[in-house]
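Have a look at the structure below before the remarks.
All figures in this text were calculated on a predicted structure; none of them were measured in a lab.
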Amino acid sequence: MTDPWATFGADLHIDPAGATGLRAGLMDALREAARTGRLAPGTRLPSSRTLAADLGIARNTVADAYAELVAEGWLTARQGSGTRVAQRAEPRRAAARAPRSRPPRTSPAYSLQPGSPDLSTFPRAEWLKAARRALTAAPNDALGYGDPRGRVELRTVLADYLSRARGVYADPDRIVICSGFVHGLMMMGKVLRERRVREVAVESYGLDVHTRLLTEAGLRIPCLPLDELGSRTGELSAMRGAGAVLLTPAHQFPTGVPLHPDRRAAAVDWARSTGGLILEDDYDGEFRYDRQPVGALQGLDPEHVVYLGTASKSLAPGLRLGWMVVPQALVGEVTAAKGLSDWASSALDQLTLAEFIASGAYDRHVRSMRLRYRNRRDQLVAALAERAPSIRISGIAAGLHAVLELPEGSEADVVRSAAWQGLVVEGLSFYRHPDAEARREALVIGYGTPTDSAWAGTLDALVRVLS
């Protein structure tokens with residue numbers, strides 16, 4: 001059976017057990033990727049050492065495959081320039097093809113979509129060790145339905161971690177485990193409706209899946225204007241119908257600006273004076289590079305802020321593990337809402353995460369990834385400065401994405417041009433609230449998404465599009 005081996009952003013279909021052998025399988029996959037456009041001409045391939053490590057095969061196998069494909073004309077190799085896809089990967093056919101009016105419908109070679117970490121760096125060995133220890137020590141009742149708030153072991157270690165790492169006031173009894181931010185927001189939408197809230201203010205740029213969840217819960221979503229100091233929370237007082245506001249205060253998504261201290265205070269003052277709630281999405285709170293960590297807004301007023309965090313950026317979204325720290329008055333309502341939709345998240349995964357955090361492996365992993373992502377960010381900045389100096393970059397002091405400012409009227413063309421290069425990028429307009437003023441054109445670049453072996457080629461494709 002042929003298995004797709006995803007490497008440097010392209011799906012290369014290789015049969016590792018096939019009769020043709022690994023080298024021939026790799027060569028066939030590279031030829032097909034170049035022929036169909038999944039690997040665009042000029043694309044820089046990873047080194048033989050990096051690709052071999054990524055695929056789990058011998059380096060000589062990759063080196064021999066590269067050498068033969070260079071001899072066949074599919075690839076080019078120059079000292080100091082690496083191995084690249086040749087400008088003409090196959091001879092011209094006798095009958096010329098009709099020119100294409102749009103990019104071919106093939107899988108993209110590269111992706112810079114924001115919202116995902118580098119999944120290849122998931123700490124499999126450490127996670128497996130934690131899972132074994134957790135399962136060995138797990139009581140029998142851990143395999144039952146349990147407390148809908150989640151396993152007490154995880155809630156206890158999270159209370160300690162969030163307090164020291166994010167400045168959150170977190171008692172285990174006020175933590176509710178969920179299967180990610182979306183699940184938590186679904187529960188809060190239900191709770192707000194039952195409290196007769198009719199409007200939840202949102203930021204003028206954000207994820208449409210979040211606003212859809214709120215509207216599907218029967219809530220209206222007026223938007224707060226956004227500028228270089230973050231969302232203008234002082235305008236909440238004029239939104240007479242708003243009973244809650246959804247914010248990303250530490251690192252606004254997608255613009256990347258932190259909420260100014262005065263505006264943090266204004267949001268808390270509004271919540272206190274009106275009895276409103278602040279829903280705080282701390283989606284990438286662990287990743288800070290050029291500034292002191294920005295503490296969670298929840299620490300300013302734990303009784304008016306619902307703090308939502310997740311392992312999706314620090315570990316992997318596939319774990320489906322998130323957490324809510326809720327005001328004491330809401331614990332019963334949120335627990336009841338979870339019981340209706342999802343009585344309990346996986347107990348074994350919760351116990352594993354608890355052990356992973358308690359053993360120190362989580363902190364070690366976050367430190368390692370912080371350095372890795374900072375290096376990528378620095379390489380992105382350097383490449384743009386050298387090859388696309390007219391592009392201004394912002395939102396890079398933290399997180400896993402950056403914003404590249406574009407000339408007026410060019411965003412749609414740049415996104416289309418990237419698609420021709422086999423590169424998936426998203427424009428800032430994709431995240432704009434329907435009622436927000438269209439003042440900027442930009443790309444939102446998720447530099448955490450590619451694997452290490454994909455990163456050089458992805459960055460190369462991006463600067464080709466922008467230069």
Side-chain angles (χ1 to χ4, degrees), residues 1-17 22 26 46-59 61-62 111 113 115-138 142-143 150-151 153-154 157-158 161 165 177 179-181 283-287 309-323 345-376 400 446-456 458:
M1 178 177 177
T2 301
D3 297 324
W5 287 14
T7 180
F8 53 90
D11 286 335
L12 303 181
H13 297 272
I14 302 172
D15 184 1
L22 287 172
L26 176 60
S47 68
S48 58
R49 183 189 302 276
T50 301
L51 182 55
D54 202 34
L55 293 176
I57 61 179
R59 182 185 180 187
T61 300
V62 179
S111 175
Q113 287 180 294
S116 176
D118 178 355
L119 300 179
S120 70
T121 61
F122 183 80
R124 298 171 188 244
E126 289 295 331
W127 185 263
L128 184 58
K129 291 177 185 176
R132 286 173 173 162
R133 291 194 298 266
L135 186 57
T136 300
L143 303 178
R151 291 297 305 177
E153 295 91 340
L154 178 56
V157 297
L158 276 174
Y161 174 78
I177 305 301
S179 59
F181 178 83
Y283 66 98
D284 65 354
E286 289 95 344
F287 299 112
T310 174
S312 295
K313 305 299 184 294
S314 57
L315 288 169
L319 290 179
R320 308 313 309 140
L321 283 172
W323 42 88
S345 304
S346 167
L348 294 181
D349 287 342
Q350 291 181 59
L351 291 171
T352 300
L353 180 58
E355 172 63 28
F356 195 74
I357 296 173
S359 69
Y362 186 82
D363 287 277
R364 292 192 296 272
H365 177 70
V366 168
R367 287 195 297 269
S368 172
M369 296 311 297
R370 188 183 294 130
L371 178 60
R372 181 187 298 267
Y373 292 138
R374 178 171 183 160
N375 288 339
R376 285 197 187 178
L400 306 180
Y447 56 82
T449 303
T451 63
D452 278 351
S453 58
W455 173 237
T458 306

Practice problem: Apply the test side-chain contact (heavy atoms from CB on, under 4.5 Å) to residues Thr352 and Leu135: give CA-CA distance (whole Å), side-chain angles for both, the deciding distance (0.1 Å), then the verdict. | Solution: CA-CA 8 Å; Thr352 300; Leu135 186 57; over 6 Å; no

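- Remark: Tyr447 pairs with no residue by the ring-ring contact (aromatic ring centres under 6.0 Å, His included) rule, at least two apart or across chains.
- Evaluated for a side chain to side chain donor-acceptor pair (under 3.5 Å) with Glu355, the options Arg132, Lys129, Gln350, Arg133 yield exactly one hit, Arg133.
- Taking both residues in full, the closest heavy atoms of Trp323 and Ala311 are given as CH2-N, 3.6 Å, listed atom of the first, atom of the second, then distance.
- Summarising the geometry, atom CD belonging to Glu126 is positioned 11.5 Å from atom CG belonging to Leu315; distances are rounded to the nearest 0.5 Å.
- Nearest heavy-atom pair, Phe287 versus Met369, reported as atom, atom and distance to 0.1 Å: CE2-CB, 3.9 Å.
- Legend: residues meeting salt bridge (charged side-chain N to carboxylate O under 4.0 Å, His left out) with Arg49, ordered by chain and number and at least two apart, are absent.
- The structure places CG of Leu51 at 6.0 Å from CD1 of Ile57, a figure rounded to the nearest 0.5 Å.
- A side-chain donor-acceptor contact under 3.5 Å links Arg376 to the backbone of Pro450.
- Trp455 contributes atom CH2, which lies 9.5 Å from atom OG1 of Thr449 (distance to the nearest 0.5 angstrom).
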Quiz item: For Trp127 and Leu319, what are the C-alpha separation, side-chain angles and deciding distance, and is it a side-chain contact (heavy atoms from CB on, under 4.5 Å)?
Solution: CA-CA 11 Å; Trp127 185 263; Leu319 290 179; 3.8 Å; yes

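- The CG atom of Leu321 lies 8.5 Å from the OG atom of Ser312; values are rounded to the nearest 0.5 Å.
- A heavy-atom distance below 4.5 Å is not found between the side chains of Leu119 and Thr451.
- Arg372 pairs by the salt bridge (charged side-chain N to carboxylate O under 4.0 Å, His left out) definition with Asp452, not counting sequence neighbours.
- Closest approach of Arg59 to Ser48, counting heavy atoms only: NE-OG, 3.2 Å.
- With Ile177 as the partner, the side chain to side chain contact (heavy atoms under 4.5 Å, CB included) test is satisfied by one option alone out of Leu353, Leu158, Asp349: Leu158.
- When atom types are taken as modelled, the side chain of His365 and the backbone of Phe122 share no donor-acceptor pair closer than 3.5 angstrom.
- Residues forming a side chain to side chain donor-acceptor pair (under 3.5 Å) with Glu286 (at least two apart in sequence, or on another chain): Tyr161, Tyr362.
- No donor-acceptor pair under 3.5 Å is formed between the side chain of Ser453 and the backbone N or O of Pro46.
- The side chain to side chain contact (heavy atoms under 4.5 Å, CB included) check on Ala456 picks up nothing, with sequence neighbours excluded.
- Annotation: side chain of Val62 is not in contact with side chain of Ser47 (no heavy-atom distance under 4.5 Å).
- Closest of all the heavy-atom pairs between Gly180 and Thr310 is CA-OG1, 4.5 Å.
- Residues Leu351 and Ala138 share a closest heavy-atom pair of CD1-CB, 3.7 Å.
- Closest heavy-atom contact between Ala347 and Ala142: CB-O, 3.1 Å.
- Remark: Arg320 pairs with no residue by the salt bridge (charged side-chain N to carboxylate O under 4.0 Å, His left out) rule, at least two apart or across chains.
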